[in-house]
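These numbers come from the heavy atoms of this one structure, side chains and all, not from hydrogens, waters or symmetry mates. Keep in mind that what you see is a predicted model, and the values were worked out from it rather than measured.
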Amino acid sequence: AQKVTQAQTEISVVEKEDVTLDCVYETRDTTYYLFWYKQPPSGELVFLIRRNSFDEQNEISGRYSWNFQKSTSSFNFTITASQVVDSAVYFCALSEANFGNEKLTFGTGTRLTIIP
Amino acid sequence: DAGVIQSPRHEVTEMGQEVTLRCKPISGHDYLFWYRQTMMRGLELLIYFNNNVPIDDSGMPEDRFSAKMPNASFSTLKIQPSEPRDSAVYFCASSLGRSLGNTEAFFGQGTRLTVV
């Protein structure tokens, strides 16, 4: 069975600080996909990134970066120089690559508050 | 593309009434998902379709819930009769599917259901 754990329920940082959101996953599959989604106060779920299990390269997109480490089953998300607009709930999710299995299993989310 | 469109955005109904939630996926996407978000249970998958066919409905809570996808551009989630514990935000999402190299699901803005 697949499982995603986001141990940090809530994080608050002062604007311009860096912050890392942790994500640990469990799966029996050797092929799988990991995702991060953002849920701002308006409520929609916004796709941020997808990473497949074959690709352990870290990714950077502007102030966002992701660190994928299969050895520790982690897929952590770092926001550099945080801004108030980054305040949201962030979800990590996992999809196993079983034939026909396209469903996402979400973590419980981390509520990030950026203090001006 | 306008993205995934859900209606209504908000629904308040009395216990025992029938509720129908609607979703229009992104054109060309052949997977459609219904998720429910509550404080207690987080984001949980209810059912998903591939090419209009239900693939996995193991998350549907009970017989009061039913979902249909009569064509590639429309799906409904029906609750009959509704109960207060059904109060949640219901999200519809769609994706191209892994066979086409994209696995990320794009979400609608959700329907906030309140059953009183």
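Distance check, rounded to the nearest 0.5 Å: CZ of B:Arg41 to OG1 of A:Thr108 gives 13.5 Å. For the atom pair CD of A:Gln39 and CZ of B:Phe91, the computed distance is 5.0 Å after rounding to the nearest 0.5 Å. Note that CD of B:Glu104 is 6.5 Å distant from OH of A:Tyr37, once rounded to the nearest 0.5 Å. Rounding to the nearest 0.5 Å gives a distance of 9.0 Å between CZ of A:Phe106 and CD of B:Gln37.
Within the 4.5 Å cutoff, the side chain of A:Leu104 has no heavy atoms near those of the B:Leu43 side chain.
Other residues, nucleotides and ligands contribute over 12 non-hydrogen atoms within 6.0 Å of the CG atom of B:Asn71. Enclosure of atom CZ in A:Arg63 by more than 12 non-hydrogen atoms of other residues, nucleotides or ligands within 6.0 angstrom is indicated. More than 12 heavy atoms of other residues, nucleotides or ligands lie within 6.0 Å of CD in B:Glu62, so this atom counts as buried by the packing criterion.
Residue B:Glu44 does not touch chain A at all, counting heavy-atom pairs closer than 4.5 Å.
A chain of hydrophobic side-chain contacts below 4.5 Å, direct or via other Ile, Leu, Val, Met, Phe, Trp or Tyr residues, connects A:Leu21 to A:Phe75. Linking Ile, Leu, Val, Met, Phe, Trp and Tyr whenever their side-chain heavy atoms come within less than 4.5 Å leaves B:Tyr35 and B:Ile79 in two separate clusters.
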